[in-house]
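All remarks here apply to the structure that follows.
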Amino acid sequence: MPGSFAAAGRRAELVAWYRGHGRDLPWRRRTDAYAVLVSEFMCQQTTVAAVIPYFERWMAAFPTVRALAEADEESVLGLWQGLGYYSRARNLHRAARAVVERHGGEVPDDWDALRALPGVGEYTAGAVVAFAFDRPAPVVDANVARVLARWMDLREPVDSTAGRVALREAARALQPEGAGAREINSAVMELGALVCKPRAPLCLACPVRGGCRATEPELLPVKRPRAAVTEVTERRAFVVDTAGLHLLRSTGRWRGMWILPETAAGGEIAHVERYPITRYRVRMEVVRQSPAEWSGLRAFGWDEVPSIPIPSPHRRAIEALVAKGRAVHREGHDEV
DNA sequence: AACACGGGGTC
DNA sequence: GACCCAGTGTT
């Protein structure tokens, strides 16, 4: 059949390459399903290099499903602080509790049962089946999508319905009959990370270049056009007294984390922090206010601030304002 | 099908 | 600056 995907015939070369060149990542040293689940949650939309230190700290703090299930949300968010996409932390926490309640504390080996856990989508369910239990499952992350799109010369956007279907079927065709899913799926991912890179793919070093149909691999994968960036401005209060820094427990975007409260007050802008968030570009203007103008805030001593969960842009603004405060103090004129 | 959701790295 | 990343949930 013209256009059929013949990657299955290249499994041996791919796995041989992986055995020689695959990286020694912390979660590849273990196959217990809980460790796989944690690493997969952390790796969602996040680079491997950023995840490694978080993974090590997490596994030390919460070594088992039960340990995580019994933890409180504050410490869970604290360990996740700085990784972004905090709903992953809340979902992983809920997933651990669901595993205890529904499955007696054992992470299930069944795709549908996995998929039913909070925060577990098609990708993560497949990853746990393959990496923890070494059973066949399509595992399509951004690396695999890029490798397969080039391999098949797929011109359909990989984030369209048609593109996703094509990729899932190709990934399915790549699976071995019995054992070996762990290695083959790891190998395709690793090929994407090390050789079949987003820009400037190293085709001369590719173990499957003989089977690749891409004529212009650097132009693949095709993606749907992205939404335009919108500028937004918000104003927040920096509230400090002798008790320390007064923060608000967020109920919105950064639910459960501690943030600078939004304010309508005018006055001098003490600091401007700019940060991107998905399709927005936020200009955060910070003004100094006194606790008398607020209720519902909680004061933290300055020694506590480093260890509580605060989203990165807010933490950066706080650090900048503290530095400015110190500078004023040094100059000796505290007419702030 | 489109959008919200973070933060850090790369070129 | 633009683009990318071991995606998922909601609308």
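Within every chain, numbering begins at 1; the chains are lettered A, B, ... in the order of the sequence lines, protein sequences first and strands thereafter.
- A salt bridge does not link Glu319(A) with Arg316(A): every distance from a Lys NZ or Arg NE/NH1/NH2 to an Asp or Glu carboxylate oxygen is 4.0 Å or more.
- Note on Gly192(A): nothing from the nucleic acid sits closer than 4.0 angstrom, heavy atoms only.
- Using a 4.0 Å cut-off, some side-chain N or O of Tyr280(A) falls inside it from OP1 or OP2 of dA4(B).
- Among the atoms of the strands shown, none is found under 4.0 Å from any heavy atom of Tyr275(A).
- Legend: residues meeting ring-ring contact (aromatic ring centres under 6.0 Å, His included) with Trp17(A), ordered by chain and number and at least two apart, are His21(A).
- Between the NE2 atom of His93(A) and the C1' atom of dT8(C) there is a distance of 19 Å, given to the nearest Å.
- Every pair passing salt bridge (Lys or Arg N to Asp or Glu O under 4.0 Å) that includes a residue from residues 226-235 of chain A is listed here, sequence neighbours excluded: Glu231(A)-Arg274(A), Glu234(A)-Arg236(A), Arg235(A)-Glu285(A).
- One finds the SG atom of Cys43(A) at 10.0 Å from the CG atom of Asn143(A) (value rounded to the nearest 0.5 Å).
- Judged by atom type and distance alone, Thr46(A) reaches the base of dG6(B) through a side-chain donor-acceptor pair under 3.5 Å.
- Straight-line distance from the CD atom of Glu40(A) to the C1' atom of dC5(C): 13 Å, rounded to whole Å.
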For residues 97-106 of chain A, tabulate all N or O donor-acceptor pairs below 3.5 Å that involve a side-chain atom, not counting sequence neighbours.
from, atom 1, to, atom 2, distance (Å)
Arg97(A), NE, Ala69(A), O, 2.8
Arg97(A), NH2, Ala69(A), O, 3.3
Arg97(A), NH2, Ala71(A), O, 3.0
Arg97(A), NH2, His93(A), NE2, 3.3
Arg102(A), NH1, Ala116(A), O, 3.4

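- Rounding to whole angstrom units, CE of residue Met42(A) and C1' of dT8(C) are separated by 17 Å.
- At whole-Å resolution of the value, CG in Leu194(A) and P in dC4(C) are 19 Å apart.
- Non-hydrogen atoms lying under 4.0 Å from DNA chain C are contributed by nothing in residues 249-258 of chain A.
- For Asp112(A), the side-chain contact (heavy atoms from CB on, under 4.5 Å) partners two or more places apart in sequence, or in a different chain, are Asp110(A).
- With Lys223(A) contributing its side chain and Asp159(A) its backbone, the two residues share no donor-acceptor pair below 3.5 Å.
- As judged by a 4.0 angstrom heavy-atom cut-off over every strand, Arg316(A) is placed among residues touching the sugar-phosphate backbone only.
- Closest to the side chain of Lys223(A), out of dC4(C), dG6(B), dT8(C), is dC4(C).
- At most 12 non-hydrogen atoms from other residues, nucleotides or ligands lie less than 6.0 angstrom from CZ of Arg255(A).
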Provide a list of protein-nucleic acid N or O atom pairs under 3.5 angstrom, restricted to nucleotides 9-11 of chain C.
from, atom 1, to, atom 2, distance (Å)
dG9(C), OP1, Gly119(A), N, 2.5

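- Checking the phosphate oxygens (OP1, OP2) of dT8(C), no side-chain nitrogen or oxygen of Arg88(A) falls inside 4.0 Å.
- Rounded to whole Å, the separation between the P atoms of dA6(C) and dC3(B) comes to 24 Å.
- Across all strands shown, Leu37(A) has no heavy atoms under 4.0 Å from either base or sugar-phosphate atoms.
- Between Asp109(A) and Arg135(A), at least one side-chain N (NZ, or NE/NH1/NH2) sits under 4.0 Å from a carboxylate O, which counts as a salt bridge.
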Can you give the donor-acceptor pairs under 3.5 Å from side chains of residues 46-62 of chain A to other protein atoms, not counting sequence neighbours?
from, atom 1, to, atom 2, distance (Å)
Thr46(A), OG1, Gln44(A), O, 2.9
Thr46(A), OG1, Arg88(A), NH1, 3.1
Thr46(A), OG1, Arg88(A), NH2, 3.3
Tyr54(A), OH, Gln81(A), O, 2.8
Trp58(A), NE1, Tyr34(A), OH, 3.3

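- With rounding to whole Å, Arg226(A) atom CZ is found 11 Å from dC5(C) atom C1'.
- Residue pairs meeting the ring pair (Phe, Tyr, Trp, His ring centres under 6.0 Å) criterion with at least one member in residues 160-181 of chain A, sequence neighbours excluded, do not occur.
- Applying the side chain to side chain contact (heavy atoms under 4.5 Å, CB included) test between Cys206(A) and each of Val208(A), Leu202(A), Leu204(A) identifies Val208(A) as the sole match.
- Separating the CD atom of Gln45(A) from the P atom of dC3(C) is a distance of 16 Å, rounded to the nearest angstrom.
- Nucleic acid contact for Ser160(A): none, since no nucleic acid atom lies under 4.0 Å from a heavy atom of the residue.
- Of the listed residues (Val188(A), Val15(A), Asp134(A)), just one forms a side chain to side chain contact (heavy atoms under 4.5 Å, CB included) with Glu183(A), and that residue is Val15(A).
- The distance from atom CD of Glu122(A) to atom C1' of dA6(C) is 15 Å, rounded to the nearest whole Å.
- Salt-bridge check for Glu122(A) with Arg168(A): passed, with a basic side-chain N closer than 4.0 Å to an acidic carboxylate O.
- A heavy atom closer than 4.0 Å to some atom of DNA chain C occurs in no member of residues 166-185 of chain A.
- Contacts between residues 137-152 of chain A and DNA chain C, defined by a heavy-atom separation below 4.0 Å, involve Asp141(A), Ala142(A), Asn143(A), Arg146(A), listed by number.
- Contact check on Glu74(A) versus Arg249(A) returns a salt bridge, with a Lys/Arg side-chain nitrogen under 4.0 Å from an Asp/Glu carboxylate oxygen.
- Under a 4.5 Å side-chain heavy-atom cut-off, the cluster of Ile, Leu, Val, Met, Phe, Trp and Tyr residues that includes Val229(A) has no other member.
- Sequence order on DNA chain B of the closest nucleotides to Ala162(A) and Ile277(A) puts Ala162(A) first from the 5' end.
- If you check dG7(B), dC5(C), dA2(B) against the side chain of Arg224(A), the one that comes closest is dA2(B).
- With salt bridges taken as basic N to acidic carboxylate O contacts below 4.0 Å, one links Glu190(A) and Arg28(A).
- Put simply, CZ on Arg315(A) is 10 Å from P on dG7(B), counting in whole angstrom units.
- Note: His314(A) and Trp254(A) have perpendicular aromatic rings, judged against thresholds of 30 and 60 degrees for the angle between ring planes.
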Might you list the N or O atoms of the protein lying below 3.5 Å from N or O atoms in nucleotides 9-11 of chain B, with each pair's distance?
from, atom 1, to, atom 2, distance (Å)
dT10(B), O2, Arg199(A), NH2, 3.4

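- For Gln44(A), no side-chain nitrogen or oxygen approaches OP1 or OP2 of dG7(C) to under 4.0 Å.
- For the OP1/OP2 pair of dA4(B) and a distance below 4.0 Å, the side-chain nitrogens and oxygens of Tyr85(A) include no atom meeting the criterion.
- Look at the P atom in both dT11(C) and dG6(B): the space between them is 16 Å, to the nearest Å.
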